[in-house]
Every structure is written in structure tokens, then in C-alpha cells.
Colleague: 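First the structure, which I've put down as C-alpha cells, then a few questions once you've had a look.
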2 protein chains.
Amino acid sequence: MLSNNDVCILINDAIKRNETVVLACKCTVAYSGRAESYLEKGDRTIIIKGDHTLLVHQPFGNAAINYMKPDSSHQIFAEEKKILLKSSNTLQKEQMEIKIEKLYFFNSHKLEDGQTIVVTGTEEDMSRMLYENPHLIEEGFTPVSQEEQTKYGFIDVFGTDKNGNLIVVECKRYCAELSAVTQLRRYVEKIQESKGVKNVRGILAAPKITPNAEKMLTDWGYSFVAVQPPKYYEKFDKHQTNLSEFTAFGGSHGQIQ
Amino acid sequence: MLSNNDVCILINDAIKRNETVVLACKCTVAYSGRAESYLEKGDRTIIIKGDHTLLVHQPFGNAAINYMKPDSSHQIFAEEKKILLKSSNTLQKEQMEIKIEKLYFFNSHKLEDGQTIVVTGTEEDMSRMLYENPHLIEEGFTPVSQEEQTKYGFIDVFGTDKNGNLIVVECKRYCAELSAVTQLRRYVEKIQESKGVKNVRGILAAPKITPNAEKMLTDWGYSFVAVQPPKYYEKFDKHQTNLSEFTAFGGSHGQIQ
DNA sequence: GGGGAGAGATGCCGC
DNA sequence: GCGGCATTTCTCCCC
């Protein structure tokens with residue numbers, strides 16, 4: 001049976017070796033930095049990663065309830081009846097204090113991982129799909145650029161309609177909201193200004209749009225086009241040249257519709 | 001020494017009992033749902049929570065690299081040389097497959113936590129500070145409402161200046177960007193429309209503003225006020241009536257400046 | 001390093 | 001449930 005002191009020595013050593021440390025405990029969490037927070041006594045899982053990120057997870061929900069960014073300093077030490085975990089990030093002027101009343105388990109191991117995730121079905125994939133399949137916007141749409149940088153933001157797809165009018169397309173993967181309309185409006189106005197032309201059309205491409213957003217869109221003379229975001233597997237991508245075949249879930253799946 | 005089969009039985013049982021399960025392993029992760037993703041072989045920490053949330057963490061960085069939402073189904077079983085963890089969420093039409101090549105450690109425990117975090121220094125605190133200290137905006141500013149709901153969004157602080165002009169204040173905790181300006185503009189125009197008055201002033205209150213945002217702001221005749229977000233400790237808040245005294249980091253701290 | 005914007009965003013609150 | 005929006009947002013890309 002390990003004493004609190006033994007546990008603290010083991011954990012401190014694991015942190016020094018940049019291992020990933022996991023512990024489950026009953027604790028309170030106090031944080032001060034960009035904001036202030038306090039979390040009353042309850043059971044949580046704490047992870048300290050090799051890059052000295054610290055995460056506190058409640059036993060439910062997706063997101064960490066408290067955290068410290070990479071390159072924080074952590075020290076864990078035994079008090080009379082408790083274990084104290086103090087973290088600080090002097091650069092970010094943040095600190096955290098975790099008072100551990102009961103330790104349920106802990107473990108640590110050196111973890112190595114140099115991989116980058118490959119994701120498809122993003123907004124960028126969607127704008128590429130529209131660039132390569134302009135008829136999804138409308139007949140006669142001719143794309144000129146994709147993901148074009150401007151001073152006032154970057155435009156997903158930019159082109160002309162069959163009458164030669166400029167078109168700005170803003171994509172959203174989900175239901176488009178008010179902010180998507182103001183974003184589109186910002187681009188359209190910037191193009192009008194920089195190109196010195198009045199007749200610039202704005203098109204919002206998304207699977208859905210909220211009623212308010214649609215009203216604002218039509219009030220401003222823009223239009224909505226219903227488009228589903230693409231989902232498909234890519235065998236290779238620009239970040240990795242040797243991605244092994246991806247056969248999970250039983251092989252080939254849907255292509256761009 | 002436990003066999004892969006034994007391990008799988010233990011973990012499946014722990015999941016059934018709604019315990020929190022933590023394991024460290026070398027694995028690949030494939031996900032399909034709202035998007036598709038694949039993560040090549042590397043060392044990760046996997047957490048399955050009591051509400052059947054699943055998280056995959058690389059040994060660095062803040063955010064989970066893959067996850068399954070609460071109420072997913074998980075099954076872990078032994079193959080010849082590997083352990084397979086399959087998760088699915090039929091409601092969300094999502095699935096995940098984790099192929100575990102090497103298991104470094106695993107642990108599980110029943111964790112109970114009914115606490116809610118108390119955070120101060122949020123944007124809402126900032127707008128309350130301005131509502132209660134209107135001179136921080138300008139002399140003669142008289143707030144009328146805070147966090148007012150409108151069709152086109154909700155206005156942080158709303159009031160009048162010393163000449164009786166309406167003022168819309170939008171707060172940002174951080175450096176204000178272009179989107180903050182378009183947000184402000186949306187509210188101002190909506191107020192102009194609904195109240196039938198032209199002279200509505202827009203004020204952006206934030207600690208900083210980007211050059212582009214400032215240009216757009218002045219182009220539109222709005223103005224910027226530098227305000228720091230408040231940071232202070234509250235002994236009580238609306239969510240918890242019996243928050244124990246918060247004495248971490250050595251007692252009392254800064255008040256609203 | 002700053003600016004801008006997406007995210008498998010998540011989570012909260014209000015209607 | 002949807003809508004709107006903040007988040008200790010985080011993360012990435014590009015200038």
C-alpha cells in the first residue's frame with residue numbers, strides 16, 4: 001500500500017520524464033487566469049500529458065471542465081490528509097490548485113505520437129466541391145477562385161454568373177445563421193468597393209438556413225442555395241504521403257453526390 | 001498477467017456499470033459521422049465516461065483528437081493480436097473504430113460528480129460591469145437594459161448618451177475582430193429600424209481591437225472604448241447557494257477596477 | 001506572431 | 001426543440 005507521499009514522488013517523477021499521467025480522484029479545482037473558476041468537491045479524472053497540458057474531466061460530458069495549457073508547471077505534494085496539485089503557467093499568468101481528498105487510481109506511461117489526423121467533409125471540402133461542380137450553385141456559374149484571401153476575410157468561392165456578374169459564395173456545413181449573412185455581406189461590400197462594381201451577387205450555400213437569417217439574406221438581395229457538405233474517404237492528403245488504406249466500417253463509402 | 005480476453009471482459013463490465021474507464025495504448029482511430037477522419041498508429045489515452053462519452057487524447061495538446069458524444073454504445077473485444085474498440089451512436093449516425101495494438105495500462109472506477117463550475121470574468125460579467133459602471137463607456141451614458149433579447153441577436157448593453165441618443169454597446173473579452181463590428185452593425189441597424197430613429201450610436205467595448213476591425217468600425221461611424229474584462233471572486237452565484245469560501249492562491253484578489 | 005475563420009466545434013440560455 | 005452566441009474557446013492557415 002502506497003502512502004500519499006510515495007504516490008506524489010511517483011507522479012512527480014513521471015511528470016519530469018514527460019510521461020502521460022492519469023488519475024481519478026475526489027477533488028476541488030480552483031483556477032485563475034484569463035477568467036476565474038471554482039469547482040466544488042466531486043469525482044474527476046485528471047490527465048497530465050507529455051507536453052505538460054493538464055486536463056480535468058468530470059465523469060460526464062465532452063469537454064474538459066478545467067485545463068492548463070501546454071508547457072505549464074505541475075507539482076504534486078502530500079499534505080496531512082490531502083494531496084495538493086499546483087499548476088502554473090507564468091507566461092500565460094495562469095494558475096490552478098487541485099485539492100485531492102481521495103485518490104481512486106493513478107497510472108502513467110511514456111506515450112509517443114507523431115501522427116496528424118486526416119479529416120474530410122469540412123467546409124474546405126465543401127467549397128472545393130462547389131468549385132469543381134459549379135452547377136450545384138446555378139447553371140452558368142463560373143468559379144474563378146477558391147478560398148481567396150481578402151483584407152476583409154477570405155472568400156470560399158468567387159466567380160461570375162452567366163451574365164458576367166460577380167458572385168461571392170459563402171459555405172456553411174450546418175444550418176446558416178445570422179452571422180453567416182453578415183459575413184457574406186462583408187465580402188460582397190468589400191468586393192463592390194475594391195472592384196468598383198455595384199452588381200455583386202452574394203450566395204449562401206448550406207444545407208439549411210434559419211428563418212431570421214433567410215429574412216436578412218433576402219432583405220439584402222442575396223440568395224440561398226441548399227447544398228449538402230461532401231463526405232467521402234480520401235486515401236491520401238496533402239499532409240501525409242503514406243496513409244495506409246482506410247478500410248474501417250467495411251470498405252468503400254459514398255462519393256461526392 | 002491478464003490476457004487480452006480478460007482485459008476486454010473487465011472493461012466491458014466496467015462500461016456496463018457506468019464506471020469511468022481510462023486506458024493508454026498504441027492504436028489507430030477511424031471515425032465516420034458528421035465528417036470522416038482517420039488517425040494513424042500512435043500512442044493515445046482513451047477515456048470512456050459514466051455517461052458513455054468517449055474521448056481519444058494524443059499525448060499533447062488541449063483538445064481531444066476524436067470523441068463520441070454521450071450515450072454512445074461501446075464494445076471492446078479481443079482479436080488474435082489486437083483489441084478492437086467499436087463505438088456507435090445510432091441517433092447521431094456516428095461510429096468509431098479503434099484498433100488497439102498495444103495496451104500500456106487501463107483502470108476504471110465509479111465516479112460521482114454533481115457539481116457545477118462557477119466562472120467569473122465572462123463577457124456577461126463584463127456587460128454587467130458596464131451596466132453598473134456606465135462612466136467606463138463615457139460620461140453621461142445611461143444604461144437602460146443589459147443582455148436585451150432582440151430578433152436579430154441580443155444586445156450586451158443598451159442605453160442613451162447625455163444628448164439622448166440611443167447607444168448600443170457590444171462587449172468582447174478579447175481583441176475585437178471584424179465579426180464583432182458586423183455584429184454591432186446588425187444591432188444598430190435593427191434598432192434604427194425598429195425604433196424609427198437614425199441617430200443610433202454603436203460602441204465596441206473590448207481590451208483591444210484589430211486594425212482592420214478599427215477601420216471598419218470608424219468607416220461605419222461607430223467607436224471603440226478600451227475596457228478590461230473584470231476578474232474577481234464571487235462567494236455566491238445564482239447556481240449555487242452554498243459555495244464554500246474560495247481561498248485558493250492565498251485569499252482576496254482584485255476587484256472590479 | 002497577429003489576424004481571420006472553421007470546428008465532427010461544445011455548451012448555455014431564452015423563446 | 002430551435003436560435004443565437006460566448007467559449008479560460010482551440011486549431012489551422014496565411015500574411
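Computed from heavy atoms alone, side chains included, the values below leave out hydrogens, waters and symmetry copies. Labels below follow one simple rule: chain letters A, B, ... track the order of the sequence lines, proteins then strands, and each chain is numbered from 1.
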Colleague: Based on Watson-Crick and G-U pairs with both distances under 3.5 Å, what dot-bracket line describes DNA chain C 5' to 3', crossing pairs as [ ] and inter-strand pairs as |?
Modeller: |||||||.|||||||

Colleague: Report yes if a side-chain nitrogen or oxygen of B/Thr122 is closer than 4.0 Å to either non-bridging phosphate oxygen (OP1 or OP2) of D/dT8; otherwise report no.
Modeller: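 False: B/Thr122 side-chain N/O out of range (4.0 Å or more) of D/dT8 OP1/OP2.
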
Colleague: Does A/Lys69 make a side-chain N or O approach to OP1 or OP2 of D/dC10 shorter than 4.0 Å?
Modeller: yes

Colleague: Does a side-chain N or O of A/Tyr187 approach OP1 or OP2 of C/dA5 to a distance below 4.0 Å, or not?
Modeller: yes

Colleague: I want to check one thing: is the phosphate of C/dG4, taken as OP1 and OP2, less than 4.0 Å away from some side-chain N or O of A/Gln183?
Modeller: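 For A/Gln183, the contact criterion (side-chain N or O under 4.0 Å from OP1 or OP2 of C/dG4) is not met.
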
Colleague: With A/Glu214, which residues qualify under salt bridge (charged side-chain N to carboxylate O under 4.0 Å, His left out), at least two apart?
Modeller: none

Colleague: In chain order, what residues pass the side chain to side chain contact (heavy atoms under 4.5 Å, CB included) check against B/Lys208, with sequence neighbours excluded?
Modeller: B/Cys175

Colleague: Could you pull out all donor-acceptor pairs under 3.5 Å where a side-chain atom in residues 66-73 of chain A meets a protein atom, sequence neighbours excluded?
Modeller:
unit_1: A/Asn66; atom_1: ND2; unit_2: A/Ser37; atom_2: OG; d: 3.1
unit_1: A/Ser72; atom_1: OG; unit_2: A/Lys69; atom_2: O; d: 2.7
unit_1: A/Ser72; atom_1: OG; unit_2: A/Asn89; atom_2: ND2; d: 3.2

Colleague: When you measure from the side chain of A/Asn62 to the backbone of B/Thr53, do you find a donor-acceptor pair of N or O atoms at a distance under 3.5 Å?
Modeller: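 No, the answer is negative, given that no donor and acceptor are paired below the 3.5 Å cut-off.
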
Colleague: Check this for me: does any side-chain nitrogen of one of A/Glu97 and A/Lys86 sit under 4.0 Å from a carboxylate oxygen of the other?
Modeller: yes

Colleague: What residues form a side chain to side chain contact (heavy atoms under 4.5 Å, CB included) with A/Ala205, not counting sequence neighbours?
Modeller: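 For A/Ala205 the side chain to side chain contact (heavy atoms under 4.5 Å, CB included) partners, ignoring immediate neighbours, are A/Leu130, A/Ile137, A/Val169, A/Val227.
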
Colleague: Just N and O in the side chain of A/Arg173: are any of them under 4.0 Å from OP1 or OP2 of C/dA5?
Modeller: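 So the side chain of A/Arg173 is outside the cut-off, no N or O lying under 4.0 Å from OP1 or OP2 of C/dA5.
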
Colleague: Excluding sequence neighbours, so at least two apart, what forms side chain to side chain contact (heavy atoms under 4.5 Å, CB included) with B/Thr122?
Modeller: B/Val119, B/Glu124, B/Asp125

Colleague: OP1 or OP2 of C/dG8 less than 4.0 angstrom from a side-chain nitrogen or oxygen of B/Asn66, does that happen here?
Modeller: no

Colleague: D/dC5, D/dT11, C/dG8: which one has an atom nearest the side-chain heavy atoms of B/Tyr67?
Modeller: C/dG8

Colleague: When you measure from the side-chain N and O atoms of B/Ser179 to the phosphate of C/dA5, is any distance below 4.0 Å, counting only OP1 and OP2?
Modeller: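 For B/Ser179, the contact criterion (side-chain N or O under 4.0 Å from OP1 or OP2 of C/dA5) is not met.
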
Colleague: For A/Glu123, answer base if it contacts any base atom (sugar-phosphate contacts may also be present), sugar-phosphate if it contacts only those atoms, and nothing otherwise; contact means non-hydrogen atoms under 4.0 Å.
Modeller: sugar-phosphate

Colleague: What's the closest nucleotide to the A/Pro211 side chain, out of C/dA5, C/dG8, D/dG3?
Modeller: D/dG3

Colleague: Does a nitrogen or oxygen in the side chain of B/Lys208 sit under 4.0 Å from OP1 or OP2 of C/dG2?
Modeller: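 The answer is no; no side-chain N or O of B/Lys208 sits under 4.0 Å from OP1 or OP2.
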
Colleague: Both A/Met68 and A/Cys175 contact DNA chain D. Which one's nearest nucleotide lies toward the 5' end?
Modeller: A/Cys175

Colleague: Where do A/Ser32 and A/Gln95 land on the side-chain hydrogen bond (donor to acceptor under 3.5 Å, both in side chains) test, with the steps shown first?
Modeller: CA-CA 5 Å; A/Ser32 174; A/Gln95 51 187 333; 4.7 Å; no

Colleague: Could you give the distance separating D/dG4 and C/dG8 at their P atoms, to the nearest angstrom?
Modeller: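 Approximately 23 Å lies between the P atom of C/dG8 and that of D/dG4.
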
Colleague: With a non-hydrogen cut-off below 4.0 angstrom, is A/Glu170 in contact with a base, only sugar-phosphate, or nothing?
Modeller: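 A/Glu170: backbone/sugar contact only, no base atoms under 4.0 Å.
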
Colleague: Using a heavy-atom cut-off of under 4.0 Å over every strand shown, decide if A/Ile209 touches base, sugar-phosphate, or nothing.
Modeller: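 Nothing, no nucleic acid heavy atom in range.
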
Colleague: Nearest to the side chain of A/Asn62, heavy atoms from C-beta on, is which of D/dG4, D/dT11, C/dG11?
Modeller: C/dG11

Colleague: Looking only at the side chain of B/Arg186 (C-beta and beyond, no hydrogens), which of the listed nucleotides D/dC5, D/dT8, D/dG3 gets closest?
Modeller: D/dC5

Colleague: Base, sugar-phosphate, or nothing for B/Gln149, non-hydrogen atoms under 4.0 angstrom?
Modeller: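 Sugar-phosphate: the residue B/Gln149, judged by heavy atoms under 4.0 Å, touches backbone atoms but no base.
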
Colleague: With a 4.0 Å limit, can you tell me whether A/Arg34 has a side-chain N or O closer than that to the phosphate oxygens OP1/OP2 of D/dA6?
Modeller: no

Colleague: Please check the phosphate of D/dA6 (OP1 and OP2 only) for any side-chain N or O of B/Lys172 closer than 4.0 Å.
Modeller: yes

Colleague: Under 5.5 Å between ring centres and under 30° between planes: true for B/Phe154 and the base of D/dC5?
Modeller: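 No; centroid distance or tilt outside limits.
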
